[in-house]
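Everything on this sheet refers to the single structure shown next.
Since the structure is predicted, the reported quantities are computational estimates derived from the model, not experimental observations.
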Amino acid sequence: MITAHLTIDPHFTVGPVNRRLFGAFVEHLGRCVYDGIYEPGHPSADGAGFRGDVIDLVRELGVSTIRYPGGNFVSGYRWEDGVGPRGERPRRLDLAWHSTETNEIGLNEFVDWARIVGSEVMYAVNLGTRGIQEALDVLEYANIPSGTRLSDARIAHGSAEPHDIRMWCLGNEMDGPWQLGHGTALEYGQLASKTARAMRQVDPDLEFVACGSSGAQMPTFGEWERIVLEQTYDDVDYISCHAYYEPKDGDYESFLASAVDMDRFIDDVVATADHVKAVRHSDKTIDISFDEWNIWYQSRYNDVEKITDPREWPVAPRLLEDAYSVIDAVVFGNLLISLLRHADRVTSASLAQLVNVIAPIMTEPGGQAWRQTTFFPFAITSELARGAALELKLDVATYPTAEYGDVPLVDAVATHDEDGRRTAVFAVNRSLTEEATLTIDSTTLGGLTVTSAVTLSDDDIHAANTLEDPERVAPRHNTSARRDGDAVVITLPPVSWTAISLE
Ligand code: AHR
């Protein structure tokens with residue numbers, strides 16, 4: 001039996017929990033847009049062809065911001081292909097995913113859909129095959145109320161009101177050799193700086209995200225961030241981080257500790273950004289936009305799914321449709337714990353992606369939509385994590401991992417909402433075999449009452465929700481939670497994620 005002791009004090013905060021931490025990502029990739037959010041003819045579709053069942057699930061998920069339209073896709077995208085009369089929109093090759101883009105959905109439709117689901121749009125410009133002028137054009141089209149060629153075109157296309165997009169990504173993963181237009185950090189940094197400065201001449205209050213590394217494993221990691229930020233420091237607000245995790249060779253001990261890697265990644269990027277700050281004697285601080293994170297069975301994509309036949313350019317193929325298991329959801333919930341733990345510097349994040357493509361929501365054409373296992377930790381954390389993330393003292397034993405050395409058997413984070421007088425604790429038990437008893441102690445808060453406790457776990461850690469069995473896995477009330485004096489004690493099953501709401 002593992003024992004873990006957590007001490008919380010609402011006086012010691014990491015930083016406010018920014019709602020933008022609960023963002024997601026919609027890319028023109030596979031069936032994320034087509035057959036995902038958009039399927040005219042589906043029984044639940046509205047007049048614009050958006051699936052009503054997907055809209056309901058996205059609302060339930062509690063998504064604050066949505067990054068769009070890519071991803072690798074954006075680095076070859078011409079935004080103007082996706083506006084204007086549908087019949088006149090061109091079909092194009094999407095080189096990133098070896099697919100055909102029909103352009104049935106573009107900027108205006110996506111903004112309409114984001115409004116329906118109640119999310120803010122975070123728009124990525126193409127700095128792969130395009131540059132400053134196209135970024136200025138899409139900004140004018142999207143945000144200028146009227147009276148110019150492009151803003152009037154938007155109005156003529158049926159969007160009378162400006163979209164008022166505040167957050168802009170300056171390209172995508174420009175450090176990756178797979179990216180169209182990939183170059184050196186210096187080349188990218190100079191272009192990103194010029195683009196942001198030009199766009200700020202239109203609107204000085206826009207927020208910009210410069211591309212960081214597409215993963216901490218990249219050979220240029222660290223140097224890429226330093227050089228890009230040296231070029232862009234005064235022009236941008238965020239540097240991006242991307243990270244995907246999957247078990248390697250059945251090493252579940254290391255997989256369960258993936259959040260340790262995310263913690264180190266964030267700490268390294270913060271250190272690099274602050275180094276540039278120091279060298280520049282700047283009083284401005286750059287935050288992190290962790291705008292792609294998830295579990296992704298990339299090995300399956302590379303070995304099985306990748307389309308390489310030069311004659312094959314399918315429309316909305318089934319790509320990256322990973323079915324997530326219980327253990328995936330536990331690691332996923334732990335990644336959210338890592339993001340919250342860094343709430344002072346990670347002030348925006350996007351789960352990659354939202355529907356069908358490495359997604360919490362799956363759909364069948366003409367059929368049902370269902371929640372993957374990862375849906376639950378996201379929805380519950382988005383609902384409960386309010387106020388400020390707290391500094392914690394967690395005492396627990398460690399276990400050895402091949403990838404990350406000795407890591408704690410239990411990981412946790414807490415948030416406290418002063419106004420609502422509500423505290424939430426999110427915890428994972430990483431042990432493959434043993435239960436853990438977690439004691440939550442807070443003398444400052446006095447006697448705590450458990451208002452709810454839910455746990456995601458299963459005897460079969462590989463169980464998943466599928467088309468055939470869409471409700472196989474769901475979180476259950478954790479009935480072990482009880483008061484013990486001023487503390488709360490709860491049992492965490494092996495390989496489990498738990499959310500506890502306290503008053
Ligand atoms: O989310 C899938 C892909 O992962 C994105 O297109 C790209 O940015 C990243 O490599």
Side-chain angles (χ1 to χ4, degrees), residues 6-25 58-67 118-120 122 166-167 207 209 237-241 243 259 262-263 265-267 269-270 273 285-294 332-352 360 374-394 411-428 440 442 444-445 448 451-454 497-503:
L6 181 67
T7 311
I8 54 180
D9 183 332
H11 295 109
F12 298 109
T13 62
V14 175
V17 177
N18 195 310
R19 285 304 301 159
R20 280 183 175 162
L21 274 183
F22 302 101
F25 176 30
V58 173
R59 285 181 178 148
E60 184 184 326
L61 191 62
V63 176
S64 55
T65 39
I66 305 184
R67 184 167 175 253
S119 300
E120 174 191 0
M122 173 180 177
R166 307 314 307 163
M167 220 174 154
E207 294 170 71
V209 184
D237 306 282
Y238 303 87
I239 183 93
S240 71
C241 289
M262 187 183 241
D263 288 339
F265 186 11
I266 293 169
D267 292 344
V269 174
V270 165
T285 300
I286 298 287
D287 280 353
I288 290 177
S289 168
F290 214 119
D291 48 40
E292 287 189 33
W293 67 270
N294 204 348
F332 178 102
N334 202 167
L335 297 178
L336 276 165
I337 289 172
S338 170
L339 293 173
L340 281 169
R341 177 163 40 234
H342 294 93
D344 56 335
R345 296 301 288 271
V346 183
T347 53
S348 180
S350 306
L351 161 62
T374 52
F375 184 99
F376 303 107
F378 191 99
I380 295 168
T381 309
S382 175
E383 185 196 339
L384 296 181
R386 303 283 158 150
L390 302 183
E391 277 180 21
L392 302 180
K393 175 95 175 70
L394 178 60
D411 193 18
V413 75
T415 59
H416 181 70
D417 177 9
E418 193 57 46
D419 299 335
R421 302 188 61 74
R422 279 171 47 179
T423 304
V425 175
F426 306 94
V428 291
I440 304 166
S442 177
T444 325
L445 284 169
L448 291 166
T451 48
S452 80
V454 288
W497 174 90
T498 296
I500 308 144
S501 189
L502 303 159
E503 260 177 23

Closest heavy-atom pair and its distance - [X], [Y]:
{"X": "Val413", "Y": "Leu340", "result": "CG1-CD1, 3.9 Å"}
{"X": "Met262", "Y": "Leu335", "result": "SD-O, 3.5 Å"}
{"X": "Ala24", "Y": "Ser350", "result": "O-CB, 3.4 Å"}
{"X": "Leu336", "Y": "Phe378", "result": "CD1-CA, 3.7 Å"}
{"X": "Val17", "Y": "Ala388", "result": "CG2-C, 3.9 Å"}
{"X": "Ser442", "Y": "Ile8", "result": "OG-O, 2.9 Å"}

Give a yes or no answer on whether the side chain of [X] reaches the backbone of [Y] with a donor-acceptor pair at less than 3.5 Å.
{"X": "Thr451", "Y": "Ser501", "result": "yes"}
{"X": "Asn18", "Y": "Ser348", "result": "no"}
{"X": "Ser119", "Y": "Val63", "result": "yes"}

To the nearest 0.5 Å, what is the distance between [atom1] ([X]) and [atom2] ([Y])?
{"X": "Leu384", "Y": "Ile500", "atom1": "CG", "atom2": "CD1", "result": "10.5 Å"}
{"X": "Asp344", "Y": "Glu391", "atom1": "CG", "atom2": "CD", "result": "9.0 Å"}
{"X": "Glu418", "Y": "Thr423", "atom1": "CD", "atom2": "OG1", "result": "9.0 Å"}
{"X": "Asp411", "Y": "Ile337", "atom1": "CG", "atom2": "CD1", "result": "5.5 Å"}
{"X": "Ser382", "Y": "Glu60", "atom1": "OG", "atom2": "CD", "result": "11.0 Å"}
{"X": "Ile266", "Y": "Ile288", "atom1": "CD1", "atom2": "CD1", "result": "6.0 Å"}

Decide if atom CZ of Arg59 counts as having more than 12 heavy atoms of other residues, nucleotides or ligands within a radius under 6.0 Å. yes
With sequence neighbours excluded, what pairs up with Phe290 under the ring-ring contact (aromatic ring centres under 6.0 Å, His included) test? Phe265
In the structure I gave you, are the side-chain heavy atoms of [X] and [Y] within less than 4.5 Å of one another anywhere?
{"X": "Asp237", "Y": "Asp287", "result": "no"}
{"X": "Asp419", "Y": "Arg386", "result": "no"}
{"X": "Phe375", "Y": "Leu61", "result": "yes"}
{"X": "Phe22", "Y": "Thr381", "result": "yes"}
{"X": "Met122", "Y": "Ser289", "result": "yes"}

Give the intermediate values and the outcome of side chain to side chain contact (heavy atoms under 4.5 Å, CB included) for residues Leu351 and Trp293. CA-CA 5 Å; Leu351 161 62; Trp293 67 270; 4.0 Å; yes
Using the side chain to side chain contact (heavy atoms under 4.5 Å, CB included) rule, take Asp263 and His342 through it: C-alpha gap first, then chi angles, then the decisive distance, then the call. CA-CA 8 Å; Asp263 288 339; His342 294 93; 3.2 Å; yes
Just checking, any donor-acceptor pair under 3.5 angstrom between side chains of Thr415 and Arg422? no
For Phe332 and Asn294, what are the C-alpha separation, side-chain angles and deciding distance, and is it a side chain to side chain contact (heavy atoms under 4.5 Å, CB included)? CA-CA 7 Å; Phe332 178 102; Asn294 204 348; 3.4 Å; yes
Only one of Val14, Asp267, Thr285 passes side chain to side chain contact (heavy atoms under 4.5 Å, CB included) with Arg345, and that residue is Thr285
Give the C-alpha distance, both sets of side-chain angles, the deciding distance and a yes or no for side chain to side chain contact (heavy atoms under 4.5 Å, CB included) between Val209 and Met167. CA-CA 8 Å; Val209 184; Met167 220 174 154; 3.9 Å; yes
